[in-house]
There are 2 protein chains.
Amino acid sequence: MSRSRQKSLTPRQQVVLAIFRQSSIPLTPQEAWEAAIRDSPGIGLATVYRAVRILTEAGELRPVEIADEIPRYEMASGPHHHHFYCRKCTRIYEVHKCPPRLDDLVPQGFKMDDHSIVLYGTCRSCLGDRATTD
Amino acid sequence: MSRSRQKSLTPRQQVVLAIFRQSSIPLTPQEAWEAAIRDSPGIGLATVYRAVRILTEAGELRPVEIADEIPRYEMASGPHHHHFYCRKCTRIYEVHKCPPRLDDLVPQGFKMDDHSIVLYGTCRSCLGDRATTD
DNA sequence: CTCATTGCAAAACGTTTGCACAAAA
DNA sequence: TTTTGTGCAAACGTTTTGCAATGAG
C-alpha cells in the first residue's frame with residue numbers, strides 16, 4: 001500500500017497541490033478552486049475536483065470530515081494532528097496532540113491503520129465574544 | 001442549549017425515529033426510507049429527510065461521518081460510543097470505549113462539548129478471509 | 001374555517017463524466 | 001501521429017424546497 005505518488009503530477013495538479021500546501025486550514029474543492037484561479041486563471045472546477053481525488057488517492061491529501069459540513073481536504077504530510085470544530089464560527093483548528101492508549105479501543109482481532117478525531121465546541125475567541133449570555 | 005425535544009413528534013417523525021431506534025447500525029436517509037416503507041407504505045423520501053434533519057436538530061439523532069461515505073445517522077441517546085470503519089467491507093462497527101485524557105487535546109481557553117472518533121482499518125472477518133496476502 | 005403535515009415533483013447543490021480541443025511527445 | 005491534459009457542459013446522486021392535497025382542531 002504505497003503512499004507516495006508513482007507518477008509525476010500534471011501542471012494543474014501541481015497548482016492544486018500548492019494551494020493546499022500554502023493553506024493553514026483544510027479547504028473545500030470550491031475554496032481551493034477560488035484560490036487556484038488567482039494563480040492560474042482559467043483553471044476549471046472539474047480539474048480541481050479531479051486533482052483533489054487523484055492527490056487523495058496518491059496519499060498527498062487527506063479528507064477532513066466535519067459533521068454537516070462539506071468535505072474538506074488538507075495535506076496528508078506534515079505532523080499528525082486532529083481538529084477542533086467551533087460550532088459558533090464554524091472555524092476549524094488543528095489539534096496537535098493525540099490521546100494515549102488508542103489501541104485499547106480497537107476490537108479484538110481488528111487491525112487499525114489510521115484514526116480521526118474531531119472535537120466539537122466553542123473556540124476561545126467565540127467564548128470571549130459572549131458577554132453573559134448562556 | 002436544550003437537547004431534549006420541545007414539541008411532540010409528528011406521526012411520520014415517530015416512524016422514522018423508530019426505524020433508527022430499531023437499527024443496530026447507523027443508516028443513511030435512503031436506507032431509513034427503505035425501512036420505513038415497510039412499516040408505513042407511501043411515506044416519502046423527502047419526509048424522511050425532513051424528519052432526520054429535525055430529529056438531529058432536536059438531539060434525538062446524531063450524524064456519523066465516515067470519509068468518502070454518505071452521511072449516516074444513529075440514535076444520540078444510549079451509551080456513548082465511537083466507530084470502526086473497515087475499509088475492505090465498508091462495514092461500521094461500534095467501539096464502546098473512549099480514550100482517556102481527551103481534555104488534554106483541547107486548546108487553552110476552548111470549551112469542548114462533544115467529540116467523535118473514527119478508527120480506520122480492517123475488521124476481523126476481513127482479516128480472516130485473507131490467506132497470506134500482504 | 002385555519003393550521004399543520006405530507007407526498008410529489010422540481011429545484012438546488014456538490015461532484016463526476018463525456019467529449020472536443022490543444023499541447024506535448 | 002498518438003497520447004495526455006484540460007475546460008466546458010451535461011449528467012449524476014443526494015438533499016432541499018414549493019406547492020397542492022389531506023386531515024385535525
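Letters A, B, ... are given to chains in the order of the sequence lines, protein chains preceding strands, and every chain is numbered from 1.
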Engineer: Any heavy-atom pair between the side chains of Val16(B) and Thr47(B) that's under 4.5 Å?
Structural biologist: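 Not in contact.
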Engineer: Nucleotides 6-13 of chain D: which of its N/O atoms have a protein N/O under 3.5 Å away?
Structural biologist:
| unit_1 | atom_1 | unit_2 | atom_2 | d |
| --- | --- | --- | --- | --- |
| dT6(D) | OP1 | Arg12(A) | N | 2.7 |
| dT6(D) | OP2 | Thr10(A) | OG1 | 2.8 |
| dG7(D) | OP1 | Arg12(A) | NE | 3.0 |
| dG7(D) | OP1 | Arg12(A) | NH2 | 2.6 |
| dG7(D) | OP1 | Gly42(A) | O | 3.0 |
| dG7(D) | OP1 | Ile43(A) | N | 3.4 |
| dG7(D) | OP1 | Gly44(A) | N | 3.4 |
| dG7(D) | OP2 | Gly44(A) | N | 3.1 |
| dG7(D) | OP2 | Thr47(A) | OG1 | 2.2 |
| dG7(D) | N7 | Arg50(A) | NH2 | 3.0 |
| dG7(D) | O6 | Arg50(A) | NH2 | 3.3 |

Engineer: Which whole-number value in Å describes the distance from Glu57(B) CD to dT15(D) C1'?
Structural biologist: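 Those two atoms, CD and C1', are 14 Å apart.
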Engineer: Would Arg91(A) and Ser125(A) count as having a side-chain donor-acceptor pair, cut-off 3.5 Å?
Structural biologist: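 Arg91(A) vs Ser125(A): donor-acceptor pair found between side chains.
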Engineer: Starting at CH2 of Trp33(A) and ending at C1' of dT16(C), how long is that distance when rounded to a whole Å?
Structural biologist: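 Checked: the CH2 to C1' distance equals 16 Å.
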Engineer: Expressed in angstrom and rounded to an integer, what is the separation of Leu9(B) atom CG from dA4(C) atom P?
Structural biologist: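 It is 16 Å, rounded to the nearest whole Å.
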Engineer: Would you call the rings of His96(A) and His81(A) parallel, tilted or perpendicular, taking 30° and 60° as the class edges?
Structural biologist: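 Ring orientation of His96(A) relative to His81(A): tilted.
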Engineer: Could you state the atom-to-atom distance from CZ of Arg53(B) to P of dT17(D) in whole Å?
Structural biologist: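 Distance check: Arg53(B) CZ to dT17(D) P gives 6 Å.
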Engineer: Counting only side-chain nitrogens and oxygens, does Tyr49(A) get under 4.0 Å of the OP1 or OP2 atom of dT15(C)?
Structural biologist: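 Looking at the OP1 and OP2 atoms of dT15(C), one of them is under 4.0 Å from a side-chain N or O of Tyr49(A).
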Engineer: For the backbone of Val64(B) and the side chain of Glu65(A), can you confirm whether one donor and one acceptor N or O come within less than 3.5 Å of each other?
Structural biologist: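 Here the side-chain-to-backbone pair does not exist.
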Engineer: Between Trp33(A) and Ile43(A) (side chain of the first, backbone of the second, donor and acceptor by atom type, cut-off under 3.5 Å), is there such a pair?
Structural biologist: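 Confirmed, Trp33(A) side chain pairs with Ile43(A) backbone.
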Engineer: Without decimals, in angstroms, what is the distance between Ile37(B) CD1 and dC8(C) C1'?
Structural biologist: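 It works out to 13 Å between those atoms.
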Engineer: If I take atom CG in residue Leu55(B) and atom C1' in nucleotide dT15(D), what distance separates them, rounded to the nearest angstrom?
Structural biologist: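 Distance, rounded to whole Å: 16 Å.
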Engineer: Using only atom types and a distance under 3.5 Å, with no angle test, would you say the side chain of Lys111(A) pairs donor to acceptor with the backbone of Leu127(B)?
Structural biologist: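 Checking the backbone N and O of Leu127(B) against the side chain of Lys111(A), no donor-acceptor pair under 3.5 Å is found.
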Engineer: Give the rounded distance in Å between these two atoms: CD of Glu31(B) and C1' of dT15(D).
Structural biologist: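 It is 16 Å, rounded to the nearest whole Å.
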